[in-house]
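What follows is a short report on a single structure.
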Amino acid sequence: MEKLFELPRSITEQLEDNMEVITTIFSPTLAGIGILIIGEDYHADADHVVVRIYLLGNEEAEWFIQDELQAFAFHNLFSAKKFIGNLPSMSALDLMLVMSGHGSKSHQPVFFQ
């Protein structure tokens with residue numbers, strides 16, 4: 001996944017040292033709405049990777065974080081990357097199943113296993 005735009009400094013300054021921006025996704029139907037995906041301890045040596053998903057809003061041509069939507073914990077970087085790669089094509093039903101702990105083992109976060 002590639003980053004679609006440069007995040008404003010007001011957002012990047014909020015990130016802690018162990019966090020990195022993975023990607024952004026914008027709604028094709030709703031202007032001014034986007035998703036920011038951030039990895040926490042997002043590196044190959046980590047034994048616990050967290051993926052945080054934030055709702056982005058846009059007012060007066062400035063993007064900002066509205067809310068954290070969900071956080072997922074994974075045993076390793078490979079599992080986190082696989083989940084993020086599958087995320088844009090997941091149906092709403094698939095995502096609800098993963099969030100409730102009933103998703104497929106291929107992209108199930110740690111706390112659901």
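Of all the heavy atoms in Ala73 and His48, the pair that sits closest is CB-CE1, 3.5 Å. Contact between Glu62 and Phe64 at its shortest, heavy atoms only, is O-CD2, 3.6 Å. Closest heavy-atom contact between Pro88 and Ile25: CG-CD1, 4.0 Å.
In this view, Ser91 and Leu93, Asp94 satisfy the side-chain contact (heavy atoms from CB on, under 4.5 Å) rule, not counting sequence neighbours. Applying the side-chain contact (heavy atoms from CB on, under 4.5 Å) criterion to Asn18, with sequence neighbours excluded, gives Glu16, Glu40, Asp41.
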Distance-only donor-acceptor pairs under 3.5 Å for side chains of residues 27-38, two or more places apart:
| unit_1 | atom_1 | unit_2 | atom_2 | d |
| --- | --- | --- | --- | --- |
| Ser27 | OG | Thr29 | N | 3.2 |
| Ser27 | OG | Thr29 | OG1 | 3.4 |
| Ser27 | OG | Leu30 | N | 2.8 |

Derivation of the side-chain contact (heavy atoms from CB on, under 4.5 Å) call for Glu68 and Arg52: CA-CA 7 Å; Glu68 181 174 4; Arg52 296 186 180 278; 2.8 Å; yes
Tyr42/Ile84 under side-chain contact (heavy atoms from CB on, under 4.5 Å): CA gap, chis, key distance, verdict: CA-CA 12 Å; Tyr42 196 78; Ile84 292 169; 3.7 Å; yes
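Contact annotation: the side chain of Trp63 never approaches that of Thr24 to less than 4.5 Å [non-hydrogen atoms, C-beta and beyond]. Within the 4.5 Å cutoff, side-chain heavy atoms of Val98 are placed close to those of Phe72. Under the 4.5 Å side-chain criterion, counting only non-hydrogen atoms from C-beta, Phe74 is in contact with Val51. Taking the side chain as every heavy atom from C-beta outward, Phe78 and Val49 never approach each other to under 4.5 Å. Contact of the Phe83 side chain with the Met90 side chain is registered, since non-hydrogen atoms from C-beta on lie closer than 4.5 Å.
Hydrophobic clustering (ILVMFWY, side-chain heavy atoms < 4.5 Å, transitive): Met19 and Leu56 are in one cluster. Linking Ile, Leu, Val, Met, Phe, Trp and Tyr residues whenever their side-chain heavy atoms come within less than 4.5 Å leaves Leu77 and Val50 in two separate clusters.
For the atom pair CD (Gln70) and CG (Leu87), the distance works out to 10.5 Å, reported to the nearest 0.5 Å.
A donor-acceptor contact shorter than 3.5 Å is absent between the side chain of Asp67 and the backbone of Leu69.
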